[in-house]
Amino acid sequence: SGSFKASSAGCDRANAGRGPPEPRFFMKTIYLASGNAHKLHELQAALEDAGLPIRVRGPGEIGGMPEVEETGSTFKANALLKAEGLSSVGPRDGWFLADDSGIEIDALGGRPGVISARYAGTDCDDEANNDKVLEEMREVPKERRACRFRCVLALVGDGLEETFSGSCGGLLLEERRGTGGFGYDPLFLPDESESTFAEISLEEKARISHRARALVKLVDWLGKEVA
């Protein structure tokens with residue numbers, strides 16, 4: 001069933017003084033195509049802040065994320081592949097959410113794009129990816145170093161297929177700055193900040209990041225559908 005009764009008054013007491021209590025009845029469950037605890041918490045918090053009676057569960061609740069080959073040529077296509085992959089093992093009345101994201105560099109014709117995570121090869125790490133981008137951009141002047149992080153969220157279910165895109169524009173630096181974040185964060189200076197994504201606070205990143213902007217669109221849509 002898509003309906004779930006939240007447990008115990010203890011839960012309500014634990015929430016006292018920490019914003020609105022958890023909705024007592026959940027109308028829908030979204031299964032997230034990721035085992036990342038931060039992503040799960042981020043989505044649940046956004047839904048609770050919006051007062052939406054939707055609970056979020058990870059793929060482990062339905063046997064784990066199946067193997068999905070990301071063969072799409074766009075973030076949207078790959079996000080849909082992952083969401084549909086999870087839906088194939090999930091309950092018929094569930095909704096399934098996946099994301100795909102990466103960095104697009106104008107001077108490289110939009111690369112790395114959908115292969116951002118494996119730009120330097122399938123077994124490469126973040127450092128190798130950053131090194132490859134820096135080498136390819138070595139002769140490119142500052143005025144031609146525009147780039148953006150892009151994220152697409154795909155939500156699928158029985159008779160449902162929606163996607164939500166967010167982007168954050170900025171500049172690709174000539175050297176790394178900062179030790180936080182992951183991926184290309186040390187090279188990315190967003191337009192709205194003087195700090196790279198590897199130097200920025202989590203709070204600021206949660207306001208301006210490509211994923212945060214896609215999430216706002218998703219929650220807005222859910223607010224209209226579920227209200």
Side-chain angles (χ1 to χ4, degrees), residues 18 32-46 49 56 58-60 65 70 75 78-79 82 97-153 164-219:
R18 293 196 293 120
L32 195 59
S34 169
N36 183 314
H38 172 73
K39 286 183 178 180
L40 196 146
H41 173 75
E42 174 189 54
L43 177 58
Q44 188 69 73
D49 285 348
V56 184
M65 183 68 198
E70 296 178 37
F75 296 124
N78 283 329
K82 288 184 271 191
L97 183 72
D99 72 273
D100 198 44
S101 61
I103 193 167
E104 300 168 333
I105 302 170
D106 291 351
L108 299 181
R111 295 194 319 271
V114 293
I115 60 166
S116 290
R118 55 187 189 278
Y119 193 45
T122 31
D123 297 320
C124 64
D125 59 11
D126 290 348
E127 293 301 305
N129 287 331
N130 282 318
D131 285 341
K132 181 172 182 179
V133 161
L134 284 173
E135 177 59 30
E136 289 182 338
M137 293 288 287
R138 194 154 44 105
E139 306 295 329
V140 179
K142 182 178 179 179
E143 63 271 15
R144 291 187 51 236
R145 299 180 76 90
C147 59
R148 73 209 49 79
F149 273 118
R150 189 178 303 282
C151 172
V152 175
L153 297 171
F164 310 89
S165 178
S167 66
C168 180
L171 200 67
L172 191 91
L173 299 182
E174 295 177 14
E175 58 185 23
R176 295 166 175 82
R177 264 178 41 192
T179 55
F182 61 94
Y184 300 90
D185 286 359
L187 296 178
F188 181 74
L189 185 68
D191 292 335
E192 294 99 322
S193 178
E194 293 179 5
S195 302
T196 69
F197 264 13
E199 298 170 317
I200 208 168
S201 72
L202 288 176
E203 292 74 24
E204 191 177 356
K205 191 176 183 183
R207 278 199 309 275
I208 69 172
S209 79
H210 47 307
R211 181 175 170 80
R213 287 170 173 167
L215 201 54
V216 165
K217 293 179 183 177
L218 166 69
V219 171

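The two residues Ala107 and Met137 make their nearest non-hydrogen contact at CB-SD, 3.9 Å. Shortest non-hydrogen contact noted between Asp126 and Gly183 is OD2-N, 2.9 Å. Nearest approach of Asp185 to Thr196, heavy atoms of both residues: O-CB, 3.7 Å. Closest of all the heavy-atom pairs between Gly170 and Asp191 is CA-OD1, 3.3 Å. The shortest non-hydrogen separation linking Ala214 to Gly166 is CB-N, 3.6 Å. Residues Ala212 and Ala206 come closest through the heavy atom pair CB-O, 2.9 Å.
The backbone N or O of Asn78 lies less than 3.5 Å from no partner atom in the side chain of Glu70, so there is not a single donor-acceptor pair. The main-chain N or O of Ser116 is found under 3.5 Å from a side-chain atom of Tyr184 such that the two form a donor-acceptor pair. Without hydrogens or angle criteria, Arg177 side chain to Leu189 main chain gives no donor-acceptor distance under 3.5 Å. Side-chain N or O atoms of Arg145 include one that pairs as donor or acceptor with a backbone N or O of Val140 at under 3.5 Å. Judged by distance alone, with hydrogens and angles left aside, the side-chain atoms of Arg118 form no donor-acceptor pair with the main-chain N or O of Cys124 at under 3.5 Å. Here the side chain of Asp100 pairs no donor or acceptor atom with the backbone of Leu153 at under 3.5 angstrom. Checking side-chain atoms of Glu204 against main-chain N and O of Ser201 turns up no donor-acceptor pair under 3.5 Å. Proximity of a side-chain donor or acceptor of Arg213 to a complementary backbone N or O of Ser167 within less than 3.5 Å is detected.
Two residues are said to be in side-chain contact when any heavy atoms from C-beta on lie closer than 4.5 Å; Leu215 and Lys39 fail this criterion.
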Are Leu108 and Tyr119 close enough, and set up right, to give a side chain to side chain contact (heavy atoms under 4.5 Å, CB included), and what steps lead you there? CA-CA 12 Å; Leu108 299 181; Tyr119 193 45; 4.2 Å; yes

Steps toward side chain to side chain contact (heavy atoms under 4.5 Å, CB included) verdict (Met65, Ser34): CA-CA 7 Å; Met65 183 68 198; Ser34 169; over 6 Å; no

Can Ile105 and Glu136 be said to form a side chain to side chain contact (heavy atoms under 4.5 Å, CB included), step by step? CA-CA 11 Å; Ile105 302 170; Glu136 289 182 338; over 6 Å; no

Show your working on side chain to side chain contact (heavy atoms under 4.5 Å, CB included) between Cys168 and Glu192 and close with a plain yes or no. CA-CA 9 Å; Cys168 180; Glu192 294 99 322; 4.1 Å; yes

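For Phe75, there are no ring pair (Phe, Tyr, Trp, His ring centres under 6.0 Å) partners two or more places apart in sequence or in a different chain.
Here Gln44 contributes atom CD and Asp49 contributes atom CG; the two are 10.5 Å apart, rounded to the nearest 0.5 Å. A distance of 11.5 Å separates CG of Asn36 from CG of Leu43, quoted to the nearest 0.5 Å. Here the CZ-CD1 distance, from Arg111 to Ile103, works out to 13.0 Å after rounding to the nearest 0.5 Å. One finds the NZ atom of Lys142 at 8.5 Å from the CG atom of Leu173 (value rounded to the nearest 0.5 Å). Rounding to the nearest 0.5 Å places CG of Leu32 at 5.5 Å from CG of Leu40. Residue Arg144 holds its CZ atom at 12.5 Å from CG of Leu172, rounded to the nearest 0.5 Å.
Salt-bridge formation is detected for the pair Asp106/Arg148: a Lys NZ or Arg NE/NH1/NH2 atom is positioned less than 4.0 Å from an Asp or Glu carboxylate oxygen. Contact check on Glu42 versus Arg211 returns a salt bridge, with a Lys/Arg side-chain nitrogen under 4.0 Å from an Asp/Glu carboxylate oxygen. Look at Arg138 and Glu135 and you find a salt bridge, because one of the NZ, NE, NH1 or NH2 atoms lies within 4.0 Å of a carboxylate O, short of that distance.
For Leu202, the CG atom sits in a loose shell: 12 or fewer heavy atoms of surrounding residues, nucleotides or ligands are nearer than 6.0 Å. The 12-atom threshold is not exceeded at CD of Glu175, counting heavy atoms of other residues, nucleotides or ligands nearer than 6.0 Å.
Aromatic ring orientation, Phe188 versus Phe197: perpendicular (interplanar angle above 60°, classes split at 30° and 60°).
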